[in-house]
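For reference, the structure discussed in these notes is given below.
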Amino acid sequence: MKKIYQALSCMLILLLFISGCSTNEQTETADNNQDTSKEKVELTVSAAASLQDALSDIKTEFEKENPTIKLNYNFGASGALQQQISQGAPVDIFFSAAEDKFQNLVDEGLIEESNGIDLVGNDLVLVIPKDSTKGIESFEDLPKATKIALGTPESVPAGQYGKDTLENLDLWSTLEEKVVYAKDVRQVLTYVETTNVDAGIVYKTDALTSEKVQIIATAEDDSHDPIIYPVGIIKNSSHIGEAELFYKYLQSDKAIKVLEEYGFKDLK
């Protein structure tokens, strides 16, 4: 009889143990389901290609502080990004490398002026391959080049700034036939890095990311329009609250410090 009681006691303990495990599993499952139910809100940020490195760092910190938000970047030429947004692309925030592209969206009613700000600035520089032997040491030496990389002026702000600079120096008519156009500043940089061209005009921030090129000249501020990067919230964003959160984060000292580390100028 005693053995029967012992056996029954063991079975009861085992059942209680199994029940406890089941309850814990259910609790964990419920907790996991609760976490899953809080699906991450995905924000689409269309940004100028020259912002790629800085924004990648900012993304890491922002998502760490805001675990329910995931940032999806769409990098490219500001003009091309602006056209995508104008045509209805689902974008939450636009970070442009040119005021005119940004203003186009304001004029179209896609960005409210109160939800936009001129955040940072940049410099325009002339770069050549690290081991160049062409003897190019300034913009005035560019006639020595066989090929020069430049962003397509119509869609790449840096390309327009570059063209304006060359026109200001009375060099454009001489150099136009030597120009190799690129879809954005990163492609210009790649052309120079791979020595497919003898020189290229890019933003200082892009040039600083490469160990394969050297900066030989900086364009005078009055040789082109001011290089200003405005950022704003797209009016028909599906996640206005989260977009406002990231928009404000970009203006924080922490985010500005990252941008400055990559060579951008604080304009706030």
Side-chain angles (χ1 to χ4, degrees), residues 39-82 84-85 89-98 101-102 116-125 127 149 151 155-159 182-194 200 202-213 215 227-234 237 239 242-268:
E39 281 297 330
K40 286 190 176 183
V41 171
E42 296 193 16
L43 287 182
T44 299
V45 180
S46 286
S50 51
L51 289 159
Q52 187 167 339
D53 295 304
L55 286 184
S56 293
D57 284 359
I58 288 173
K59 170 187 169 79
T60 301
E61 288 304 311
F62 178 78
E63 290 184 345
K64 192 182 297 181
E65 294 180 23
N66 300 274
T68 60
I69 301 176
K70 179 182 178 183
L71 297 176
N72 292 324
Y73 289 132
N74 176 30
F75 293 109
S78 296
L81 297 175
Q82 177 241 309
Q84 291 171 11
I85 295 170
V91 175
D92 300 293
I93 286 179
F94 180 42
F95 203 160
S96 174
K101 312 303 181 194
F102 188 86
I117 186 173
D118 292 340
L119 194 63
V120 290
N122 211 337
D123 286 319
L124 194 71
V125 298
V127 295
S155 60
V156 184
K183 65 177 182 178
D184 55 42
V185 284
R186 285 307 169 98
Q187 191 171 63
V188 173
L189 191 65
T190 299
Y191 286 163
V192 180
E193 289 176 328
T194 55
V202 298
Y203 293 125
K204 179 183 177 181
T205 51
D206 291 286
L208 292 174
T209 66
S210 176
E211 296 180 353
K212 297 179 181 179
V213 305
I215 298 173
I227 302 175
I228 294 173
Y229 286 64
V231 60
I233 302 170
I234 303 302
S237 165
H239 310 288
E242 289 79 7
E244 287 178 349
L245 196 62
F246 184 56
Y247 172 67
K248 290 176 181 176
Y249 184 87
L250 287 171
Q251 300 172 56
S252 69
D253 291 341
K254 185 181 292 186
I256 292 297
K257 184 180 178 181
V258 173
L259 288 160
E260 287 180 326
E261 286 173 354
Y262 280 93
F264 291 98
K265 305 172 184 176
D266 181 11
L267 296 182
K268 289 197 297 92

Going by side chain to side chain donor-acceptor pair (under 3.5 Å), name the residues that satisfy it together with [X], two or more places apart in sequence or in a different chain.
X      : answer
Glu42  : Asn72
Ser210 : Glu193
Ser237 : Asp92
Tyr203 : none

Subject >> Sequence-distant partners of Ala49, side chain to side chain contact (heavy atoms under 4.5 Å, CB included), two or more places apart >> reply: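 Ala49: side chain to side chain contact (heavy atoms under 4.5 Å, CB included) contacts with Asp184, Val185, Arg186.
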Subject >> Residues which pass side chain to side chain contact (heavy atoms under 4.5 Å, CB included) with Leu208, listed by chain and number, not counting sequence neighbours >> reply: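 Side chain to side chain contact (heavy atoms under 4.5 Å, CB included) check on Leu208 returns Lys204, Ile215.
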**OP:** Provide the closest heavy-atom pair for Ala207 versus Val213 in the form atom of the first, atom of the second, distance.
**Re:**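 For Ala207 and Val213, the tightest heavy-atom pair comes out as O-CG2, 4.0 Å.
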**OP:** Identify the heavy atoms of Val188 and Ala182 that sit nearest to each other, and give their distance.
**Re:**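 In this case the closest contact between Val188 and Ala182 is CG2-CB, 3.5 Å.
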Original post:
Under the salt bridge (charged side-chain N to carboxylate O under 4.0 Å, His left out) test, which residues partner Lys64, sequence neighbours left out?
Top reply: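 By the salt bridge (charged side-chain N to carboxylate O under 4.0 Å, His left out) rule, Lys64 matches Glu61.
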Subject >> Glu63: salt bridge (charged side-chain N to carboxylate O under 4.0 Å, His left out) partners, not counting sequence neighbours >> reply: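 Salt bridge (charged side-chain N to carboxylate O under 4.0 Å, His left out) list for Glu63, sorted by chain: Lys59.
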In residues 250-264, what donor-acceptor pairs under 3.5 Å come from side-chain atoms, sequence neighbours left out?
{"from": "Gln251", "atom 1": "NE2", "to": "Tyr247", "atom 2": "O", "distance (Å)": "3.2"}
{"from": "Ser252", "atom 1": "OG", "to": "Tyr249", "atom 2": "O", "distance (Å)": "2.6"}
{"from": "Ser252", "atom 1": "OG", "to": "Ala255", "atom 2": "N", "distance (Å)": "3.3"}
{"from": "Lys254", "atom 1": "NZ", "to": "Glu65", "atom 2": "OE2", "distance (Å)": "2.5"}
{"from": "Tyr262", "atom 1": "OH", "to": "Asp57", "atom 2": "OD2", "distance (Å)": "2.7"}

Subject >> Counterpart residues, ring-ring contact (aromatic ring centres under 6.0 Å, His included), relative to Phe246 (two or more places apart) >> reply: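 Testing Phe246 for ring-ring contact (aromatic ring centres under 6.0 Å, His included), a comparison that skips the adjacent residues, returns Phe62.
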**OP:** Return each pair, listed once, that meets salt bridge (Lys or Arg N to Asp or Glu O under 4.0 Å) where at least one residue sits in residues 70-81; pairs must be two or more places apart or across chains.
**Re:**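 The answer is none; no pair qualifies.
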Original post:
Do you know which of Ser155, Ser96, Pro230 makes side chain to side chain contact (heavy atoms under 4.5 Å, CB included) with Ser78?
Top reply: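 Testing Ser78 for a side chain to side chain contact (heavy atoms under 4.5 Å, CB included) against Ser155, Ser96, Pro230 leaves exactly one candidate, Ser96.
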